[in-house]
Visitor: 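Handing you a structure now.
Every value quoted in this text rests on a predicted model; they were computed, and no experiment measured them.
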Amino acid sequence: MMSTDLRSAMGEFKVHRVRFFDYMPSGIRALAFNQDTERMAVARMDGSVEVFHCSDRFFQEKIIPGREQCGIEGLSWVGERLFSAGLNGGITEYDLTNQKVKYTIDAYGGPIWTITGNQQGTHLAVGCEDGTVKLFEVNEDQIQFERNLDRQKSRIISLSWHPSGSKIAAGMMDMIQVFNVETGHSIHRMLADRGAGTSRSKECVVWSVVYLSDGTIITGDSVGMVKLWDDQTGTLIKSHNVTKCDVLALSVSQNEDSLVAGTSEGIVVQFQFVSMVLEKDDKEWVRTRTFRNHTHDIRAVAEITTAVVSGGMDAQLVVRPLLDKIEVRSAASALRKIHFPHRRLVSCARKSGLMLFQYPGHLELWRLGESEGKGTPGSSLFVKRNPEKLLQLKVKGEDHIRCSAVSPCGGWIVYSTASTLRLYRLHCDNNNISITKISKLPKVLSSANQLCFSSDSSHLFSASAQSSVHIASLSQSGCKFVGTLKPKSGSHQAIHLLAASEDGKWLASANSDHEVHIYNLQTQKAHCTVPVYSSAVTAMGIHPATNCLFMMHADQQMFEYSIEQKQYTDWSRTVQRKGLHRFWVERDTPCLNVMFNPQNPSHVILHDMYMLCIIDQSLPLPDDKTQFYNQLTLKSLTEEQRKSQSHAFKVCKTFKDILCVELMPDQSLVVVERPLEDIATQLPAPIKQKKFAT
Amino acid sequence: SLNGKYKVQRHGLFVLCTSGDSVKVYSTRTEEWLHSLQGHTNQVTGIALNPANHLQVYSCSADGTVKLWDFIDGILIKTFIIGYPLFAIYVSEKHEGIVFLHIGFQLVAVHLPKSAEQEVEAKELSAVSSHISPNPSCTAFGREGQYIAFARNLQLNVYFFRKQKTYSFSLKATDKKGAKNAFTCIACHPTDDCIATGHEDGKIRLWRNFIHKKEYTYSTQHWHHNAVNTLCFTPEGTNLLSGGIESVLVQWQYGTGNRKEFLPRLGGSILHVSASSDGQLFCTSHSDNKITVIESSFKVCGVIQGLVKDAVLTDLMIDPRSKALVLNGKPGHLQFYSLLRDKHLYNLDIVQQEYIYEAGLDQFEVVKAAFDIKGYWLATVEERGQKSSDLEFFLKLWSYDERTQSFVLNTTITAAHTDRIISMCFSSSEETTMLVTIAEDGQFKAWCQGVDADTQQDQNFWSCDFVGSYHNLKPTNCSFSADSSLLAVSFQEVITIWSPDTWELLTTLCQPPGVIRDLCFGRLSCSKYLISTTTRNLLCCWNLLTCALEWSTSVEVSKLQSDPLSENVAAFSYQSKHTDLFVFKPNEPRPLFTHKNVCSEKIHRAVFVPREEPLNNCDESSQWLNRSQLYFLTQNMLVIDDSVAVTPFYLLLGKHRQQQQKLNTPSHQAADRPQQPQGSVTITELLHTPAHVLPPASVLCSMFVSSLLISNTGEMESSEQEMNSEKEEEDSEGEMEACDSQQELRAQGSVDEVTPKLSKAQERELKRVRKTDFSWMAGLIDSKP
C-alpha cells in the first residue's frame with residue numbers, strides 16, 4: 001500500500017496525507033429488515049453484525065464485532081430480537097442493547113445455510129447441511145428446539161415461510177420442497193431445471209426462495225432463472241431468465257407487489273406485479289428495472305418501504321430509492337452507498353504524533369513522518385522522515401476488536417473485545433519501542449463499548465453496560481479504579497461516543513437512543529442531559545475554551561450546548577432558527593469527528609467521508625440563496641469583497657474517502673484516506689462480463 | 001423509392017408502400033410490382049389499411065387530401081379534402097369513420113363524412129394533441145384504440161380517449177453513463193397495456209402502469225448500438241420486432257425478458273418494420289430502397305429491390321451486354337439495374353469484404369468503374385481513407401464469364417498509382433482492349449492484358465503497358481477517340497494527344513485560362529472533333545486534323561456527355577442556381593436543342609442509354625433522342641442540407657412518371673419535409689425570356705391570363721401510357737402545371753389534337769417562340785377566334 005505521507009499545505013494548515021491504513025471492509029453476506037423498527041441488520045463475511053437505522057439516514061447505530069471462524073449465513077428478526085446462523089452450526093441471538101452476542105446454541109444439523117423466522121414471531125426455521133429443516137420455538141429469553149421437518153437427501157439452501165406460518169418452502173439442490181409445518185411432511189416437490197449444454201452436469205442450486213401469501217413461490221437459482229411456482233399444483237407458472245450467472249438473492253416488498261433479485265454479476269433486477277390490462281385485476285409479474293450499482297456478487301437484497309438495499313462481495317451497502325414509493329424527493333431519499341463504518345477506526349496521540357489503526361484482528365501504531373520547508377498552497381513538501389510502523393498488536397482470542405484508543409501523550413494503548421479489555425503502557429525512547437501489558441486491571445474494566453483517555457492522559461474512561469462509564473486513573477504503577485458515572489435516568493443502550501473536555505472537568509457520552517449525558521468529573525456526578533434530538537449523534541467534542549459541547553447528528557444538524565449554562569448557545573439557536581444550507585443537509589455521509597482549533601476559538605473543524613469543513617462561528621450563516629461551495633469564488637475576489645461574500649462554512653474537497661481527520665497541536669492536519677480504488681483492487685476478480693465493443 | 005410506410009395486407013398477399021406521389025402495390029409471393037395507386041398531386045406521406053374493410057387503404061398526402069383506395073384493383077374510391085398538408089395517418093378499429101392525421105405539429109381527428117360523392121370536403125376536425133413529433137413512428141394506437149401514445153423528444157404522452165386525459169412521462173436527456181434517451185419510435189402491445197419505445201441510444205423500454213403519475217414502471221432492454229428506428233408488435237403480441245442501422249432485425253420474446261432472435265445482414269439500415277395481420281409475414285424497408293419480406297419463422301422469403309441511389313460515387317454507366325444501368329449499389333457493390341423493366345437485376349460484389357453497418361466507420365467503397373466497349377471487361381477502383389491521410393485503393397479488372405453470366409475477378413492491382421486515381425477509360429476499338437488510368441501522382445498509365453510467357457494459362461492478367469506524364473502536371477481527364485487511334489489526356493490547361501500504338505505525343509492543344517474538366521471526342525461524322533470544357537466557363541471544339549480551335553463558346557459546363565450512337569453531345573450547364581441542357585453536334589456551334597432549367601442542382605453524372613429500337617421522330621427538337629435516351633443524376637454536395645430531400649435523381653426524357661417518382665423521392669425524412677410544389681415553368685419561362693424575342697403582347701396576354709386560371713377539368717386523367725410516350729420531355733413539376741398548360745392550349749386553339757400530352761407540347765411551343773422566327777405568328781393570330 002502507499003506508505004508515503006504526502007504533505008500539502010492547504011491554506012493555513014500543513015496536512016499529513018496518510019494512506020497507509022490498509023482498511024479492508026468485509027463483504028456483506030446477509031440482510032434482514034425489520035419493518036416495525038425500521039432497522040436493517042447487516043451480516044458481514046467476518047461475522048460482524050451491524051444495525052442501520054433506515055429512517056435516520058441509514059446511520060450505523062450498532063456494531064457487533066465478529067469472531068474468527070464464524071461465518072454467518074443467515075440473519076433473521078423475530079420481533080425486535082435478532083438471530084443469526086452460520087456454517088459453524090450454531091444459532092446466535094444478539095443482545096442489541098449492549099451490542100454483543102447474547103448466546104449461541106448448536107442446532108446439531110451440521111452447517112446452517114439459512115435461518116428465517118415466521119411472521120407471527122413464534123418460530124425460527126433453519127436449513128441444515130444434513131438435509132433437515134429444524135424448527136425452533138422462540139421463548140421469552142431463549143430459543144428451544146421443537147422438531148425436524150421431513151429430512152431430505154440434500155442440503156437446505158434457502159427457506160421461506162408462507163405468511164400464514166403454516167407452510168415452508170425450501171430451496172435445495174435441483175429442487176424445491178414445500179412442507180406443511182403442522183405435519184412436518186412435504187406437500188410438493190418441484191424440480192428446478194439445470195442449465196443447458198455443459199452446465200447440465202452441474203447441480204442447480206436454489207439460492208433463494210420467497211413464499212407469497214397468494215401461494216406463489218418464487219425461486220432464484222444458479223442457472224440464472226427467477227421462477228414462479230404455484231403451490232397448489234406444484235407447477236411452474238413462469239420463468240424469467242435474468243442472467244447467465246447465478247441469482248443469489250431475492251426479496252419481496254411488504255405488500256408483495258415488487259420483488260428484487262440480486263445476481264452474481266452485481267445487478268439487481270426488479271420485478272413488479274402489475275396489471276397487464278389497466279384497471280383490471282389480472283396481474284402478472286413482469287421484469288421492470290435493472291440497477292447496476294455493484295461490481296461483484298450480490299449476496300443479499302432487501303426491499304424496504306422506499307428503497308432497495310443490496311450488499312455483496314464488494315462490501316458496500318447500496319440503498320437505491322424507489323422513486324415511485326417516495327412522497328417528496330429529498331436528501332433522505334437519494335442513492336446512498338455506504339463504504340466505511342460510521343465509527344472511528346483511527347485514534348491519534350496528538351502530543352506525540354502517533355496514530356493507532358484498528359483492524360478487526362490487530363492494531364497498528366504508526367509514527368507520522370516529518371517534512372521540512374514551506375510550500376505554496378496545494379503543493380507537496382519534501383518528506384524529511386518517512387512515517388514508521390512502530391507496533392503491530394495482535395488480539396488474543398477469537399473475538400474481534402470492538403474499540404481501541406491511544407492516549408494523547410502516546411504512553412498508553414487500550415483496546416477491548418467483546419470479552420476482554422487490555423491496557424498497555426508504551427515506552428518510547430528514541431527508536432526503542434517497548435510495551436508492557438498492565439496486568440492487574442480493575443474488575444469493572446472487563447469489556448468496553450467505547451474507550452477514551454482524558455486530555456492529560458491521566459484517566460481512562462470506559463463505557464460499559466447500562467450506559468455507565470467507568471473511570472480509572474493511570475499512573476506509572478498501574479491502573480486504579482476511581483468510580484462509575486451513571487446517568488440519572490434514561491435508557492441502558494450502549495454508549496458509542498465519549499468526549500472529554502480539555503480541562504479534565506467534563507465528560508460527555510452519547511448512546512444509541514440519542515441520549516447525551518454530561519458528567520462532572522470532579523464530583524463524579526451526572527451534570528446534566530442534553531435534550532434528546534430525533535437523530536443519532538455521529539460525532540461530538542467539547543470546546544477547550546468555552547466548554548461548549550458541539551454535536552453533529554446523522555441528519556446533518558448541528559447543536560452547540562453550553563455545559564456550564566446547561567442550555568444551547570446563542571449560535572446554536574441561530575443555526576436552528578435560520579436553518580442549514582440545502583447543500584449541507586443533502587450530504588449523505590455522517591460527520592465523524594469534531595475538532596477545535598486552539599489558535600482560533602471560533603473555528604470548528606468537521607469531516608465526513610468526502611470533505612473537510614471548517615465552520616467559522618464568527619461569520620454569518622449561509623442561506624439557501626448564497627453560494628455554498630464558495631472557496632474558488634472567494635479566491636478571485638478582493639479582500640473587501642471577500643469579507644462580504646464569505647460565510648461560516650468553508651468546505652475543502654481536496655481529500656476523498658476520508659477515514660479520519662485530526663488536528664495536531666502544531667497546527668497540522670492528519671488526513672487518513674482509504675481510496676476506494678485501492679479497496680477495489682484488493683477484491684477478488686468479478687465475474688467476467690462481455691462488454692460491448694471490447 | 002420504396003420509402004415511407006408500408007403495410008402488409010391482411011392475407012399477407014400484398015405489400016403496399018408509398019413511392020413519391022403514388023402508392024405501390026407489390027405481391028409478397030412473387031415480389032412483382034402489381035400496380036400503383038395514383039392520384040395524389042404531392043408526396044404521399046402515409047398509408048393505413050381501412051380497419052373496416054381490409055381490401056381498402058387510406059393514403060394521405062402533402063397535397064392536403066386523404067384518399068381511400070381499393071388496392072387490389074387499384075381503384076380510387078373516395079377523396080377527402082382536408083386542405084392542409086398531411087404528414088401521417090393513423091387509424092384504429094374502434095374509431096370508425098375517423099382518421100387521425102398529422103397536420104403541422106398537431107394530431108387531429110377527422111370525421112370522414114359519409115357521402116356518396118367521389119370528392120368530399122372533410123370539415124370536422126378536432127385536435128387531439130399539439131406537439132407531435134414530426135417522425136410518424138413516434139405515434140401509435142394502444143390496445144383496442146382506447147388510447148394513443150405519442151412521444152416527442154424526451155416525453156412520452158398517452159392520451160385516453162374515454163377519459164380525455166393525457167398522461168406524460170419524461171426522461172432525462174442523458175444520464176451519467178451518457179445514454180441518449182430521446183424517443184425515436186413507439187409501438188403498443190395489441191392486447192396488454194404495454195407501450196414499447198425505442199430510443200436514440202438503442203435502448204427499448206417497455207412501459208406499464210401508465211395511468212399512474214408515479215407508480216408507472218418500465219423495463220429497459222438494450223441490444224441496438226444505434227438509434228432504434230422502428231418497433232412493431234406481432235399481431236398476437238407474442239413478439240416485438242425492432243430494427244435500426246445495424247441492419248439486423250431483432251425479435252424480442254414478449255414477457256420473458258432477454259430471449260431474442262436475430263436476422264442479420266438484411267442490407268441497408270432498417271427504417272420500418274411491419275407485420276401482416278395474420279402474423280405470418282414481416283416486412284422491413286431499408287435505407288437502400290429495398291423491402292424484405294420475412295416469414296414468421298425468421299427466414300427471408302423475398303426481396304423487393306429498387307434502385308439504390310444514395311452515395312453514388314461512380315459514373316452512370318450502361319452495361320453493353322445487358323443494357324443495364326450500372327452504378328454504386330449496396331455498400332461495396334455495383335448494382336445492375338434494368339431501366340427497360342425498371343427492375344433491379346443484381347449486385348456485383350466488388351470489395352468482397354463484410355460491410356459493417358455502423359455510423360462513422362471508414363470502409364472500402366467503389367469509387368470508379370468503367371466497361372469496355374463490348375462489355376467483356378469491367379474495371380473498378382475501390383478506395384478507403386478519403387478523409388484520413390492514409391488512402392488505400394485497389395484497381396480491379398473483371399472479365400465477363402459466359403458460363404456464369406457474370407463478372408469474375410481477373411486482376412487486382414494493389415498499387416496502380418502512388419496517389420488516387422482520378423479517372424479511367426477503356427479504348428474503344430474492337431481488337432485490343434486497353435485501359436488508361438490517370439491519377440493525382442501526375443501520371444497516366446496504360447494497362448493491357450499481357451501475354452505472360454511464364455504462365456501459359458488460359459487466364460491472362462493485366463499489367464502496365466505504358467506510363468506517361470506531361471511536365472509533371474496533374475492530369476484531369478482522359479478519353480479515347482471513337483476508333484481508339486488517339487488518346488487525349490488533359491493535364492491542367494493542356495490537352496495532350498497520344499497515339500496508343502506507339503505512345504508518341506502527337507500534339508498538345510491549349511486554350512487558357514482554366515483547367516480542363518471534361519474531354520470528349522466526336523463520333524461518326526464528327527470524329528475529327530475533340531470537345532473540351534474548362535473550369536473557366538469555356539467550351540472548346542478542336543479540329544484534330546488542323547490541330548486548331550474550331551469554335552469555342554463561353555458556357556459553364558458541369559457535365560459533358562456524348563451519345564455513342566450519334567454525333568450528339570449533351571452539355572449540362574449550371575448557372576445561377578439552375579441547370580440548363582444543351583445538345584449540339586460538334587461540327588456546328590449552334591445548339592440542336594436547349595432545355596432551360598432542367599433542375600435546380602448541379603449535374604455531375606449523365607448517361608445516354610441506347611434504345612432497343614430507334615424511334616422515327618421527325619420533330620426537330622427531339623430527333624436527337626431517336627436512338628438513345630439521356631439519364632442524368634443530380635447530386636447536392638450539401639448532403640445535410642434540406643434540399644437533399646428533393647434531389648437525388650431527376651430523369652430527363654422518357655420513362656414513365658412512376659419510375660421517375662421512384663428515383664426522385666427522398667430518404668426517409670421525406671415525410672417531415674414534403675416537396676413543395678414548384679411554380680409553373682411556363683410562367684417562369686415567359687418571364688425569363690428576353691423581351692425582344694417574345695411574340696407581341698396581345699398574343700402573350702391571353703396565354704398568360706389563361707395560365708393563371710384554375711382548371712375546371714379537375715384532376716387530369718394522366719395515366720401511365722401518356723407519360724410513357726417517348727416524345728415527352730420530363731416534367732418534374734407535377735400536374736398543376738400540366739393543367740395550366742392544357743388550358744393555355746385550349747385558349748389558343750392552335751393545335752388540333754387535344755390530348756393531355758399537349759401540355760408538354762405547349763411548353764415546347766413556348767420555347768420555339770423564343771427560338772424561331774416570327775413567321776408562324778401571323779398564322780397564329782389569324783387563327784384566333
Side-chain angles (χ1 to χ4, degrees), chain A residues 196 224-228 236-245 247 253 255 257-261 263 265 267-293 306 321-329 333 335 690-694, chain B residues 142-144 146-147 149 158 160 162-163 165 167 169-172 175-179 188-196 201-203 205-226 237 246 252-260 356 358 360-361:
Chain A
M225 306 290 270
V226 169
K227 289 183 171 168
L228 289 91
L236 182 68
I237 305 169
K238 200 163 188 188
S239 66
H240 292 269
N241 189 3
V242 170
T243 169
K244 290 191 179 103
C245 320
V247 177
S253 66
N255 53 3
D257 66 348
S258 166
L259 175 91
V260 285
T263 74
E265 284 168 316
I267 60 170
V268 174
V269 179
Q270 190 190 15
F271 292 85
Q272 279 176 288
F273 199 48
V274 293
S275 343
M276 299 312 280
V277 176
L278 291 171
E279 290 165 335
K280 287 206 179 135
D281 268 347
D282 111 66
K283 289 190 171 182
E284 266 180 55
W285 284 99
V286 288
R287 182 182 167 163
T288 53
R289 280 167 278 208
T290 306
F291 309 122
R292 295 166 201 273
N293 294 309
T306 58
L322 295 172
L323 295 179
D324 51 331
K325 302 259 174 75
I326 290 167
E327 294 302 320
V328 198
R329 294 184 68 166
S333 64
L335 174 72
K690 166 92 178 88
K691 281 240 169 78
F692 177 69
T694 55
Chain B
R143 176 179 60 88
E144 291 167 358
Q146 290 193 351
Y147 53 91
V158 187
F160 285 83
R162 200 171 299 158
K163 288 193 249 179
K165 194 172 170 188
Y167 294 90
F169 310 98
S170 293
L171 293 172
K172 279 183 201 153
D175 67 8
K176 278 178 227 147
K177 290 166 191 155
C188 293
H189 194 276
T191 55
D192 285 353
D193 282 318
C194 171
I195 300 173
D201 58 352
K203 284 197 183 110
R205 289 189 167 91
L206 294 173
W207 301 72
R208 286 191 179 83
N209 249 355
F210 37 79
I211 50 165
H212 300 285
K213 268 262 155 275
K214 253 171 65 180
E215 279 146 44
Y216 71 91
T217 180
Y218 58 77
S219 56
T220 311
Q221 287 160 338
H222 203 168
W223 182 85
H224 295 277
H225 62 76
N226 274 71
E246 303 88 358
W252 309 78
Q253 205 171 331
Y254 175 74
T256 51
N258 271 332
R259 209 167 297 164
K260 47 191 177 282
I356 303 161
E358 194 185 322
L361 291 183

Visitor: Evaluate whether atom NZ of A:K244 has more than 12 neighbouring non-hydrogen atoms of other residues, nucleotides or ligands under 6.0 angstrom away.
Guide: no
Visitor: Please look at A:V242 and chain B and tell me whether the side chain, the backbone, both or neither of the residue comes under 4.5 angstrom of a heavy atom of that chain.
Guide: backbone
Visitor: I'd like to check the side chain to side chain donor-acceptor pair (under 3.5 Å) partners of A:S239; sequence neighbours left out, ordered by chain and number.
Guide: none
Visitor: Need one label for A:V286: side chain, backbone, both or neither, based on atoms under 4.5 Å from any heavy atom in chain B.
Guide: side chain
Visitor: How long is the gap from CZ on A:R289 to CZ on B:R205, to the nearest 0.5 Å?
Guide: 11.5 Å
Visitor: Tell me whether A:E279 is salt-bridged to B:K163, with the criterion being a basic N under 4.0 Å from an acidic carboxylate O.
Guide: yes
Visitor: Rounded to the nearest 0.5 Å, how far does CZ of B:R143 lie from CE of A:M276?
Guide: 11.0 Å
Visitor: Which one, B:D193, B:N209, B:T191, B:T217, leads in non-hydrogen pairs under 4.5 Å with chain A?
Guide: B:D193
Visitor: Does NZ in B:K213 sit with more than 12 non-hydrogen atoms of other residues, nucleotides or ligands closer than 6.0 Å?
Guide: yes
Visitor: Residues in ring pair (Phe, Tyr, Trp, His ring centres under 6.0 Å) with B:H225, at least two apart?
Guide: A:F692
Visitor: What residue, out of A:V274, A:L278, A:L322, A:T290, has the most heavy-atom pairs lying under 4.5 Å from chain B?
Guide: A:L278
Visitor: Within this structure, what is the CZ-CG distance for the pair B:R259 and A:N241, rounded to the nearest 0.5 Å?
Guide: 6.5 Å
